[in-house]
Amino acid sequence: MIKSGKLKKSTQQEKSNVEKSSFVNSQKKTNSLIKIFAVVLLLPIILASLYYSYLVYAITPASIRRPVVAHHHIRMQVIVDGQYIDFSKEAFQE
């Protein structure tokens with residue numbers, strides 16, 4: 001009887017080990033499915049954002065994409081009595 005009791009306990013332990021291993025396997029499958037789903041979902045989003053970023057870069061003018069250090073300033077011209085006033089003269093620079 002002692003032997004049969006030990007056999008019952010060992011078979012019960014084996015069953016519980018099998019159940020645990022099947023649970024672990026199902027968890028691994030679930031985790032791998034979640035990873036695959038995340039990749040399938042996020043990959044198009046990432047690719048679309050990269051493509052959109054490239055389009056924004058491509059349609060910007062070259063002067064904005066590659067600015068030059070020596071650039072011109074916008075100057076205002078004042079006309080008095082039909083004649084332009086030159087503000088670069090020394091009289092205006094004092």
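To the nearest 0.5 Å, atom CD1 of residue I45 and atom CG of residue L41 are 4.5 Å apart. I36 contributes atom CD1, which lies 11.0 Å from atom CG of N31 (distance to the nearest 0.5 angstrom). Note that CD1 of I64 is 10.5 Å distant from CD1 of I59, once rounded to the nearest 0.5 Å.
Using a 4.5 Å cut-off between side-chain heavy atoms of Ile, Leu, Val, Met, Phe, Trp and Tyr, L47 falls into a hydrophobic cluster with L43.
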